[in-house]
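Note that the structure is predicted; figures quoted are calculated from it, not measured.
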Amino acid sequence: MAQGLVTFGDLFQLENLVAADELPVSDEQSFDDVEEPSPSAIGCLIVGMDFTAKYPKRWRTFRARYRLPDLSPEELAEVLGVTERTVRNHLRPVNLATTANELFRDRIGRNGKQLAVEDLLWQGRPVTLDDLMLCLEWDCDGIYELSTPTARYFLLALDFAAREPKRWKTIRRDYFFPDLSQQELAVMLETSQKTVSQHLQPVKLAETDEFFNKDLMSEVL
């Protein structure tokens, strides 16, 4: 696996990696000859949320595989109540890197405030989706350098998009078109201004990092 290729499997591995020299590379390639930059963390988050919003059932299978890595596809299918063929289809690699690089060729850093998820956890503050996206805008080392708490909240954000795809669509538009009023966003999204206002309320991903270990087997992520 080259550094320029990011899959959901890579995102799950981030939680367990603590130093750059532990990052996985392909047999044919070392970090010295990787020319393509690591996709930005904010780019991979947004592309990943787009995927989970569109394919929530497939994301549920990825999540279960992550939490139960020792199960065979047959056993995982039994746990999830689906066929083994469905599990195997769901677990095909999903490459996030190409689209992420196209969306975010340069760092955004538009908010002018550098922040880390650990700062919020240290303060005992809830981590919202806005907080996470702001932190990732300043994640200059890219997707492969995310800290463990950040990687965990990254996954919670993917859960949110799978659970509330319509709301994520509104938040996404607001992120890319920050100068539009709620009424203008409503026209763009073909919905009401009231719906847009409700969708743009802060999304609390979890109270603290300890809440990450939730029940991943339920239909509601």
Student: Closest heavy-atom contact between L45 and L158?
Tutor: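 That closest heavy-atom pairing would be O-CD2, 4.1 Å.
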Student: Got a sec, which residues hit salt bridge (Lys or Arg N to Asp or Glu O under 4.0 Å) with E74, two or more places apart in sequence or on another chain?
Tutor: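 E74 satisfies salt bridge (Lys or Arg N to Asp or Glu O under 4.0 Å) with no residue once adjacent residues are dropped.
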Student: Run the numbers on R167 and F160 for side-chain contact (heavy atoms from CB on, under 4.5 Å), then give the verdict.
Tutor: CA-CA 9 Å; R167 189 174 178 190; F160 165 75; 3.7 Å; yes
Student: Can you run down the salt bridge (Lys or Arg N to Asp or Glu O under 4.0 Å) pairs that involve residues 84-95, sequence neighbours left out, and say none if there aren't any?
Tutor: E84-R88
Student: Using side-chain heavy atoms (C-beta onward) and a distance below 4.5 Å, is L155 in contact with W59?
Tutor: yes
Student: Do the side chains of C135 and Y153 get nearer than 4.5 Å, heavy atoms only?
Tutor: no
Student: Could you give me the CA-CA distance, side-chain angles and deciding distance for T128 and L205, then say whether side-chain contact (heavy atoms from CB on, under 4.5 Å) is met?
Tutor: CA-CA 5 Å; T128 67; L205 296 176; 5.9 Å; no
Student: Quick one: ring-ring contact (aromatic ring centres under 6.0 Å, His included) partners of F62, sequence neighbours excluded?
Tutor: F8
Student: Please test I46 against W168 for side-chain contact (heavy atoms from CB on, under 4.5 Å), starting from the C-alpha separation and ending with a verdict.
Tutor: CA-CA 10 Å; I46 290 178; W168 164 240; 4.0 Å; yes
Student: State, with a plain yes or no, whether a side-chain heavy atom of F51 is found less than 4.5 Å away from one of R58.
Tutor: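 Yes; the side chains approach each other to less than 4.5 Å.
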Student: Within the 4.5 Å heavy-atom criterion, are V203 and I171 side-chain neighbours or not?
Tutor: yes
Student: Tell me whether E137 contacts the main-chain N or O of L134 through its side chain, where contact means a donor paired with an acceptor under 3.5 Å.
Tutor: no
Student: The criterion is side-chain hydrogen bond (donor to acceptor under 3.5 Å, both in side chains); which residues satisfy it with T83, sequence neighbours excluded?
Tutor: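 Once residues adjacent in sequence are excluded, the partners of T83 under the side-chain hydrogen bond (donor to acceptor under 3.5 Å, both in side chains) criterion are T86.
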Student: Taking a hydrophobic cluster as the set of Ile, Leu, Val, Met, Phe, Trp and Tyr residues connected by side-chain heavy atoms closer than 4.5 Å, whether directly or through intermediates, do V196 and V187 fall within one such cluster?
Tutor: no
Student: Tell me, please, which residues at least two apart from E78 pass side chain to side chain contact (heavy atoms under 4.5 Å, CB included).
Tutor: none
Student: Which heavy-atom pair separates E184 from S181 by the least distance, and what is that distance?
Tutor: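 Looks like OE1-N, 2.8 Å.
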Student: For residues 115-124, pull every pair meeting side chain to side chain donor-acceptor pair (under 3.5 Å), keeping only residues two or more places apart or in separate chains.
Tutor: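 Every side chain to side chain donor-acceptor pair (under 3.5 Å) pair that includes a residue of residues 115-124, provided the two are not neighbours, is E118-S147.
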Student: Measure the shortest side-chain to side-chain distance between V82 and L76 over non-hydrogen atoms and say whether it is less than 4.5 angstrom.
Tutor: no
Student: Mind checking the CG-CZ spacing from L146 to R152? Nearest 0.5 Å is all I need.
Tutor: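 These two atoms lie 13.0 Å from each other.
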Student: Quick one: list whatever passes side-chain hydrogen bond (donor to acceptor under 3.5 Å, both in side chains) with Q182, sequence neighbours left out.
Tutor: Q193
Student: In sequence, state the C-alpha distance, the side-chain angles, and the governing distance for F177 and M188, and then conclude on side-chain contact (heavy atoms from CB on, under 4.5 Å).
Tutor: CA-CA 11 Å; F177 300 97; M188 179 183 290; 4.2 Å; yes
Student: List for me each residue that meets side-chain hydrogen bond (donor to acceptor under 3.5 Å, both in side chains) alongside Q183, sequence neighbours excluded, and say none if there are none.
Tutor: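 For Q183, no residue satisfies side-chain hydrogen bond (donor to acceptor under 3.5 Å, both in side chains) once neighbours in sequence are set aside.
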Student: Ignoring hydrogens, what is the shortest heavy-atom contact between A53 and P165? Give both atom names and the distance.
Tutor: O-CB, 3.6 Å
Student: Is there a side-chain contact between Q198 and T170, using heavy atoms and a 4.5 Å cut-off?
Tutor: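 SC-SC contact between Q198 and T170 ruled out.
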Student: If you round to the nearest 0.5 Å, how far is OG1 of T150 from CG of L132?
Tutor: 7.0 Å
Student: Is any side-chain heavy atom of D131 closer than 4.5 Å to a side-chain heavy atom of V117?
Tutor: no
Student: Looking at residues at least two apart in the chain, or sitting in another chain, which of them share a side-chain hydrogen bond (donor to acceptor under 3.5 Å, both in side chains) with S197?
Tutor: none
